[in-house]
Amino acid sequence: MKKPSLREFFNLLEKENKALRIKEEVSVKFEIPFITKKLEPYKAVMFEKVKEAKIPVVAGICGSRERICRALNINEEKLYDKILEALKNPLKTKIVEDGEVKEVKEKPNLKKFPILIHYNCDKYPYVTSAIISAKNPDNEEVENVSIHRLQVLDEKHLAIRIVPRHLYKLCQIAKDKGKNTLDIAISIGNHPAILLAASSPAPFGVSEFDVANRMLNGELKLIECENVNARAPANSEIIFEARILLNKLVEEGPFVDITGTYDAVRLQPLVEVVNVLRRSDCIYQALIPAGFEHKLLMGLAREAKIWEAVRNVVPTVKAVRLTDGGCGWLHVVISLKKQIEGDSKNAILAAFSAHPSVKHVIVVDEDIDVDNLSTVEWALATRFQADEDLIIIKNVRGSSLDPSAEQETGLTCKAGFDATIPLNKPKEKFEKAKIPENQKVKDILSKLNFKI
Ligand code: MN
């Protein structure tokens, strides 16, 4: 079996007509983001000729569920099990001496990489597909791997957005030990399993590399960096060996996050790149903020967790979706076969506890397709009464990404919508009527010169 890498996976997609190449010269400023955003639900894309750099750009790799399943070599029905199993049984990743990413070792010059400028009010190029790995200063056996946006300031400095999760905790531990810096490896151009694992809710103390390694059936290999104390995938395309300067804060932003709106500009830590490792013919990986890929990578493991939590209380759950319109993060639609009145409300509570960023949950019966939002709305219109079927929870912790949440305190109001048919009412009153079809009408329609 070939080693899991971004380029091997792109080649596989290309062979299966799931990826394409753009040969015209395009700019990192708006042009690559625009084309990628249009294409990503359908195809991954490689931009061979970039105006500002000699390095090609691959984008939209994980822009559809189908492509993520292809990367993990599974059918969609097995996706949640695969993610949950990897989270429960991380597999220790082997360290190797050498790797393709060590072909070139050079002084840092971020200007030579095709780093994108995405949206109209952006002021800086941003690296958005990088995974950041760091060891715990208290115990080097403990490692964290996560995805963070990186704002390019000059040839060797970046600003890094760190929300109060695991990397933040490692920074605090380093500070408590009197250190001014935390060593990190910034790896760009990786197999989708590594990105998916790095954005999954693995508990503190679990290396997301080991989660990815389980997804990849033990095929992942790591190298020790040469100039900093951190590990990185041996066949990444590019690694920036770097240090977070814990006491130097800079303004980070403006940046468009998963909601598609501009996130607040905040003071965030400065990063100094000390050295670059890369393949000689390296490919840069781009990821469009607020695009399908961003939402899927952030949301999928959360969706799996919600599915598991709902299944624990309502075993007849059929499907769970973090919807695209809900930013792949804030809205959940759950379909289930209600057996006892109240199952649907228990499902709402389970979803809120499984993913604290969830703001609205809609529960529908199993005849409603969670991917067809027009039908979900139809269920709300015909099966929901606000005075009985609405749960409102005020002043709870929500997502900092929601611009309508209280920005200072992070407090928000959550709502659950039970759009299932009440069990004590006649079911047929709520079912959608159908027009009977026969072969004759099917034949007439199939002869028409357009596809329905
Ligand atoms: Mn972690």
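Here, residue 1 is the first one in the sequence, and each next residue gets the next number. For ligands, and for the atoms within them, numbers begin at 1 and follow the listed sequence.
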Relative to the Mn ion (ligand 1), which of the N, O or S atoms in H166 is the closest?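 The atom in question is ND1.
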
Return the name of the atom in E208, of element N, O or S, nearest to the Mn ion (ligand 1).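 Closest to the Mn ion (ligand 1) among those atoms: OE2.
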
Strictly under 6.0 Å, is that where the ring centroids of F113 and F240 end up?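 Yes, the ring centres sit under 6.0 Å apart.
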
Would you say the ring centers of Y126 and F255 fall short of 6.0 Å from each other?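 Centroid distance Y126-F255: below 6.0 Å, so yes.
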
Applying the side-chain contact (heavy atoms from CB on, under 4.5 Å) criterion to W329, which one of M298, E303, K359, H294 satisfies it?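 Checked M298, E303, K359, H294 against W329; only one passes side-chain contact (heavy atoms from CB on, under 4.5 Å): M298.
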
Does N144 put an N, O or S atom under 2.8 Å from the Mn ion (ligand 1)?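 For N144, the answer is yes, given that an N, O or S atom comes within less than 2.8 Å of the Mn ion (ligand 1).
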
Between T420 and D365: side-chain donor-acceptor atoms closer than 3.5 Å: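 Checked: T420/D365 side chains show no N/O donor-acceptor pair below 3.5 Å.
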
